[in-house]
Amino acid sequence: MVFRPLPSAARDALLALLAATAGYIDALSYLRLGNVFTANMTGNTVLLGIAAGQQAAARALHSVLALAGFALGVLAGAALCGRRERSEASRWPPRVTLTLAVELIALLATAVGWALAGEDPAGGAEYGLVGAAALAMGMQSAAVQRLRVAGVATTYVTGTLTSLFTDLALPGASRGSMVQRGWVLLALVAGAVAGAVVVRVAGGFAALIPVVLVAVVVVVAAWSRPRRTQSATENQLREAAG
């Protein structure tokens, strides 16, 4: 079997949608789930340190749950994605799409739970939403890492930002890579802006937007599923006839 290749422009657009999803989720979780990040674990780790230093147990628990959910998401996502085969020619393997489809289920559960809990979840509902959102973002991180797009991540900006400015500083860097990284960064910021605006208007139903974004990614990426070539099918027919 061979893979129907996903064009580079389409792949980059899907990565931008995933980055927008992460920025959106982080805005929602920070504004409505106890000032915690569920996609950006660098920032969340710093928040955990601040909460510990200020002896704010509730805020520290939020960060711990986010870290735990994210870690579980990465473990599950890595298991679903599997190892990259040397012979794999696809820019977007089917296992990545599968992982994002499972992420979509986690995001849908988060959205439904949030809608039921109300605009400002509290107590167990709040903690559960933190864990579920972080789980989804961990799976997304594992899926994007599986693509091995150099210098690009969709749930945090530090590595992508460093790669972008390194390319700007060094002569001969790929213009295409710089544009790609720039779009991912802009998408993440745009997602955060949208999340901050929509949550004020839609309340708990604002969590449905990431479901739509990732659903679009899954549907488009499904076109890169494996298929048999005509020559392979002909060879099988000859073997059967022989």
Side-chain angles (χ1 to χ4, degrees), residues 10-41 43-44 62 65-66 69-70 73-74 76-77 92 96-122 125-144 147 152-157 160 182-222:
R11 180 199 62 188
D12 294 347
L14 297 187
L15 287 172
L17 283 177
L18 292 175
T21 300
Y24 189 100
I25 285 287
D26 260 350
L28 262 60
S29 59
Y30 188 83
L31 294 172
R32 290 290 188 269
L33 297 180
N35 301 124
V36 65
F37 293 123
T38 53
N40 184 346
M41 288 300 112
N44 186 54
H62 281 78
L65 287 173
F70 189 89
V74 172
W92 196 291
V96 171
T97 307
L98 172 63
T99 304
L100 294 174
V102 178
E103 177 201 355
L104 179 60
I105 296 172
L107 287 173
L108 182 59
T110 303
V112 171
W114 204 323
L116 294 174
E119 182 176 350
D120 291 302
E126 183 180 30
Y127 292 134
L129 290 173
V130 167
L135 177 74
M137 291 299 100
M139 296 186 71
Q140 178 175 305
S141 294
V144 172
L147 293 174
V152 172
T154 60
T155 55
Y156 59 92
V157 300
T160 305
W183 275 116
V184 168
L185 289 169
L186 287 174
L188 194 144
V189 174
V193 172
V197 172
V198 175
V199 76
R200 292 203 309 263
V201 178
F205 292 97
L208 288 171
I209 298 298
V211 176
V212 175
L213 294 178
V214 176
V216 171
V217 173
V218 170
V219 169
V220 174

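All residue numbers refer to positions in the sequence shown, counting from 1. These numbers come from a predicted model, not from an experiment.
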Atom pair OG1 (Thr38) and CG (Asn44), whose distance is rounded to the nearest 0.5 Å: 8.0 Å
Distance check, rounded to the nearest 0.5 Å: Met137 atom CE versus Ile25 atom CD1? 5.0 Å
Go through the steps to decide whether Leu14 and Trp92 satisfy the test side chain to side chain contact (heavy atoms under 4.5 Å, CB included), and finish with yes or no. CA-CA 10 Å; Leu14 297 187; Trp92 196 291; 3.7 Å; yes
Do the non-hydrogen side-chain atoms of Ser29 and Val130 ever get within less than 4.5 Å of each other? no
Testing Leu104, Val74, Val102, Leu107 one by one against Met139 for a side-chain contact (heavy atoms from CB on, under 4.5 Å), which residue passes? Val102
Shortest non-hydrogen contact from Val152 toward Val144: O-CG1, 4.2 Å
Here the gap from Leu15 atom CG to Leu188 atom CG, rounded to the nearest 0.5 Å, amounts to 12.0 Å
Does Tyr127, at its OH atom, have more than 12 non-hydrogen atoms belonging to other residues, nucleotides or ligands within less than 6.0 Å? yes
Ala106 to Ala132 - nearest heavy-atom pair and separation: CB-O, 4.5 Å
Looking only at heavy atoms, which two atoms of Ala117 and Pro121 are closest? And how far apart? CB-CB, 4.0 Å
Spell out, as yes or no, whether a donor-acceptor pair under 3.5 Å connects the side chain of Asp26 to the backbone of Phe37. no
If you measure from CG on Leu18 to CG on Leu147, what distance do you get to the nearest 0.5 Å? 8.5 Å
In Å and rounded to the nearest 0.5 Å, what is the CD1 to CG distance from Ile209 to Leu28? 9.5 Å
What pair of heavy atoms forms the shortest contact from Ala153 to Val184, and how long is it? O-CG1, 3.5 Å
Any chance you could measure Arg32, atom CZ, to Asp120, atom CG, to the nearest 0.5 Å? 5.0 Å
Partner of Leu100 under side-chain contact (heavy atoms from CB on, under 4.5 Å), picked from Val96, Thr97, Leu98, is Val96
Mind listing the closest non-hydrogen atom pair of Ala196 and Ala27 along with its distance? N-CB, 3.9 Å
Decide whether Gln140 and Thr21 meet the rule of one side-chain donor and one side-chain acceptor closer than 3.5 Å. no
Any non-hydrogen side-chain atom of Glu103 less than 4.5 Å from a side-chain atom of Val214? yes
Show the numbers, then the answer: is there a side chain to side chain contact (heavy atoms under 4.5 Å, CB included) between Ser141 and Phe70? CA-CA 9 Å; Ser141 294; Phe70 189 89; 3.3 Å; yes
If every non-hydrogen atom of Ala187 is compared with every non-hydrogen atom of Ala16, which pair is closest and at what distance? CB-O, 3.2 Å
How about Trp114 and Leu208: do any of their side-chain heavy atoms sit closer than 4.5 Å? no
Closer than 3.5 angstrom, by distance alone: can the side chain of Asn35 be matched with the main-chain N or O of Tyr30 as a donor-acceptor pair? yes
